[in-house]
Amino acid sequence: MSANIPEITANATPAEILRAGIEAAGGPVSLACSFSLEDVAIINIAHEAGLSLGVFALDTGRLNEETYEVADALVERYHLHIDWFFPRHEEVERLERAEGLFSFRESLDKRHACCHIRKVEPLSRALTGLAGWVTGMRREQSVTRSDLKAVELDSLNGGILKINPLIDWSEEQLTSYTDEHRLPKNRLYSQGYRSIGCAPCTRAVQPGEDARAGRWWWENPENKECGLHRR
Ligand code: SF4
């Protein structure tokens, strides 16, 4: 399946980007939801705009309890159906028996191996049959995201559309939107977390650090992606 990239004007709102992306995809589109402020905002934007957007989530087996609480709050508020995807249990068993529970801290290769089993492979199943997927990525989040496009062709995932409606939002805009709409919010944000992934690979950040400094903090900034957003 392959779609055309729609024209997106420089001042397009997230709802306009989302609508243009969904229409251009011409088939089912789902949000890859990690229950971040960004993802919750997108769910609310789609809901208010009456857009048809599925939601899937990857349960890596290493998520924080606080993340599941957000998922539960979203189900309650929007009567949301979340398609959960888990890693292949044989692969997790093989990894943990051979390498232990924290092998991802030993080397970049081992970290990528864990992310591949727990995130990348389940993502490929989650994207099967979709015409497009939506992410909460924003340009200002890190050096790895500065050249994002609002809608891109995801050639590594079958040429479907990848839609990034919050691409130009600042963290301040996102926080204001969240507060204004009283959206469910992961309690870890109030403890200094600014980007939340798996529990053992995420921590609070210090003032002045970028939003993703608390992800895989033992690695170089240019490595701070989990493979979900390869380009
Ligand atoms: Fe494994 Fe950490 Fe990647 Fe989660 S973020 S899949 S625990 S390496």
Side-chain angles (χ1 to χ4, degrees), residues 30-40 42 55-72 74 82-128 133-138 141-145 148 154 156-157 162 164 171 185-189 191-206 209-231:
S30 284
L31 168 70
C33 185
S34 63
F35 308 100
S36 61
L37 292 184
E38 287 87 348
D39 296 336
V40 175
I42 290 169
V55 176
F56 71 82
L58 309 178
D59 188 334
T60 63
R62 304 297 289 258
L63 300 179
N64 293 287
E65 204 61 21
E66 291 85 348
T67 299
Y68 295 110
E69 290 172 3
V70 180
D72 207 38
L74 290 173
I82 302 172
D83 286 321
W84 287 97
F85 286 83
F86 289 80
R88 301 235 185 251
H89 72 87
E90 306 88 343
E91 290 301 306
V92 177
E93 288 163 6
R94 184 193 56 71
L95 175 75
E96 294 193 352
R97 287 173 189 169
E99 306 280 356
L101 296 172
F102 295 93
S103 57
F104 42 79
R105 292 196 181 138
E106 294 169 13
S107 71
L108 190 58
D109 283 350
K110 291 192 177 188
R111 204 269 283 170
H112 283 163
C114 184
C115 282
H116 185 83
I117 290 170
R118 296 181 189 275
K119 293 182 171 182
V120 178
E121 191 281 330
L123 175 72
S124 70
R125 281 184 278 123
L127 296 181
T128 301
W133 62 306
V134 177
T135 88
M137 289 198 293
R138 295 181 295 110
Q141 279 170 321
S142 79
V143 293
T144 58
R145 299 184 173 185
L148 277 181
D154 188 349
L156 295 174
N157 286 299
K162 188 171 182 180
N164 308 305
E171 195 166 17
K185 184 173 179 178
N186 193 317
R187 290 186 290 125
L188 293 174
Y189 286 113
Q191 297 172 31
Y193 286 69
R194 289 173 63 200
S195 171
I196 302 169
C198 291
C201 298
T202 307
R203 69 175 184 185
V205 300
Q206 299 300 315
E209 288 186 313
D210 83 34
R212 285 176 66 82
R215 306 289 293 275
W216 310 289
W217 59 92
W218 59 92
E219 295 179 357
N220 293 326
E222 61 271 23
N223 294 330
K224 289 175 186 286
E225 292 290 353
C226 54
L228 296 185
H229 301 298
R230 293 170 301 151
R231 300 162 75 216

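Residue numbers count from 1 along this sequence. One-based numbering, in listed order, for ligands and for the atoms of each.
Every atom of ligand 1 is numbered from 1 in the order shown, and the set under 4.0 Å from a heavy atom of Trp216 is 2 (Fe), 5 (S). Of all atoms in ligand 1, listed by their number and element, those nearer than 4.0 Å to a heavy atom of Arg111 are 8 (S).
Residue contacts to atom 1 (Fe) of ligand 1: Cys198 brings no N, O or S atom closer than 2.8 Å. Taking backbone and side-chain atoms together, Cys115 has an N/O/S atom less than 2.8 Å away from atom 3 (Fe) of ligand 1. Contact annotation: Cys201 places an N, O or S atom under 2.8 Å from atom 2 (Fe) of ligand 1.
At a heavy-atom cutoff of 4.0 Å, ligand 1 is contacted by the side chain of Arg118 but not by its backbone.
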Take Val40 and Lys185 through the test side-chain contact (heavy atoms from CB on, under 4.5 Å) and record every step on the way to the result. CA-CA 8 Å; Val40 175; Lys185 184 173 179 178; over 6 Å; no
Begin from the C-alpha positions of Glu90 and Arg94 and carry the test salt bridge (charged side-chain N to carboxylate O under 4.0 Å, His left out) through to its verdict. CA-CA 6 Å; Glu90 306 88 343; Arg94 184 193 56 71; over 6 Å; no
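Relative orientation of the Phe85 and Phe56 rings is perpendicular, given thresholds of 30° and 60° on the angle between their planes. Ring geometry, Phe104 versus Phe102: the interplanar angle exceeds 60°, so the pair is classed perpendicular (tilted spans 30 to 60°).
Side-chain contact between Tyr68 and Asp59 is present, with at least one heavy-atom pair separated by less than 4.5 Å.
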